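The first residue in the sequence is number 1, and the count goes up from there. What you see is a predicted model, and the numbers here were worked out from it, not measured in a lab.
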Amino acid sequence: MRRWGLALIVVVACAGAAAAQSKGKGIRLWNLTAETISGFQLSPAGKTDWGPNQTLNDKDKEVDHDERLRITGVEPGRYDAKVSYPSSRQCIVRDIEIRADAVFSIADKDLKDCTK
């Protein structure tokens, strides 16, 4: 009887671990800049092949300070990002390492080549 109980515990634990992996939170951006982001596009590092605006993945289409944004359609690797703000300012963040099911952040100190 104890063996059945132990076997049941093992099966339940394995099922729980599999469910947790399939529910992975994916890749997420953490906005640590002082402003709300209205546009966020990624390109392979060193190129200008900008992908879609990832802020459209958010319910209000913007990413507030200290908010996280789910990034879709991007494989792990190194990227540059074009960051846009409601004031029409745009900045570049270079050489971001993006890992599977991980959070990466950008802060004001990371913003380069800003234009108005």
Side-chain angles (χ1 to χ4, degrees):
M1 191 68 157
R2 284 180 29 182
R3 286 186 197 186
W4 283 105
L6 181 58
L8 180 61
I9 290 171
V10 170
V11 168
V12 170
C14 289
Q21 284 180 345
S22 68
K23 281 178 114 178
K25 297 207 180 223
I27 298 168
R28 289 157 294 149
L29 160 69
W30 186 9
N31 179 14
L32 296 178
T33 68
E35 299 178 61
T36 295
I37 294 174
S38 60
F40 188 82
Q41 296 172 272
L42 292 167
S43 173
K47 299 185 179 188
T48 56
D49 300 330
W50 302 112
N53 181 359
Q54 295 284 335
T55 63
L56 299 178
N57 299 336
D58 190 71
K59 65 181 177 188
D60 67 357
K61 312 298 185 231
E62 294 184 324
V63 186
D64 298 325
H65 166 75
D66 200 29
E67 183 179 0
R68 288 175 178 84
L69 170 70
R70 185 177 189 101
I71 302 297
T72 61
V74 174
E75 295 295 321
R78 293 208 168 269
Y79 292 87
D80 293 339
K82 185 189 300 183
V83 183
S84 304
Y85 294 96
S87 65
S88 298
R89 181 173 80 132
Q90 283 190 339
C91 301
I92 303 295
V93 179
R94 302 209 185 278
D95 202 32
I96 301 168
E97 182 178 3
I98 294 180
R99 296 180 182 167
D101 293 323
V103 176
F104 67 94
S105 64
I106 60 167
D108 290 325
K109 67 179 177 56
D110 302 317
L111 302 174
K112 308 290 182 213
D113 304 322
C114 294
T115 61
K116 176 84 175 160

Residue list, side-chain contact (heavy atoms from CB on, under 4.5 Å) with A45, at least two apart or on another chain: R78, D80, D95

What residues, two or more places apart in sequence or in another chain, satisfy side-chain hydrogen bond (donor to acceptor under 3.5 Å, both in side chains) together with [X]?
{"X": "S105", "value": "none"}
{"X": "Q90", "value": "S84"}
{"X": "T55", "value": "N53"}

Main-chain N/O of T36 paired with H65 side-chain donor or acceptor, under 3.5 Å: no

Listed once per pair and sorted, the salt bridge (charged side-chain N to carboxylate O under 4.0 Å, His left out) pairs that draw on [range], sequence neighbours left out:
{"range": "residues 59-69", "answer": "none"}
{"range": "residues 37-50", "answer": "none"}
{"range": "residues 107-116", "answer": "R94-D113"}
{"range": "residues 26-45", "answer": "E35-R89"}

Heavy-atom neighbours of W50 CH2 exceed 12 at 6.0 Å: yes

Listed once per pair and sorted, the disulfide bond (SG atoms under 2.5 Å apart) pairs that draw on residues 49-116, sequence neighbours left out: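 Qualifying pairs: C91-C114.
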
Disulfide bond (SG atoms under 2.5 Å apart) pairs, two or more places apart, involving residues 37-82: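 Listed by first then second residue: nothing to list.
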
Hydrophobic cluster (4.5 angstrom, side-chain heavy atoms) - remaining members for V83: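 I27, L29, I37, F40, L42, V63, L69, I71, V74, Y79, Y85, V93, I96, I98, F104, I106, L111, which link up through side-chain heavy atoms under 4.5 Å apart, make up the rest of the cluster.
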
Intermediate values then yes/no, side-chain contact (heavy atoms from CB on, under 4.5 Å), Q54 and T72: CA-CA 7 Å; Q54 295 284 335; T72 61; 3.7 Å; yes

Which atom of P86 lies closest to which atom of S38, heavy atoms considered: N-OG, 3.3 Å

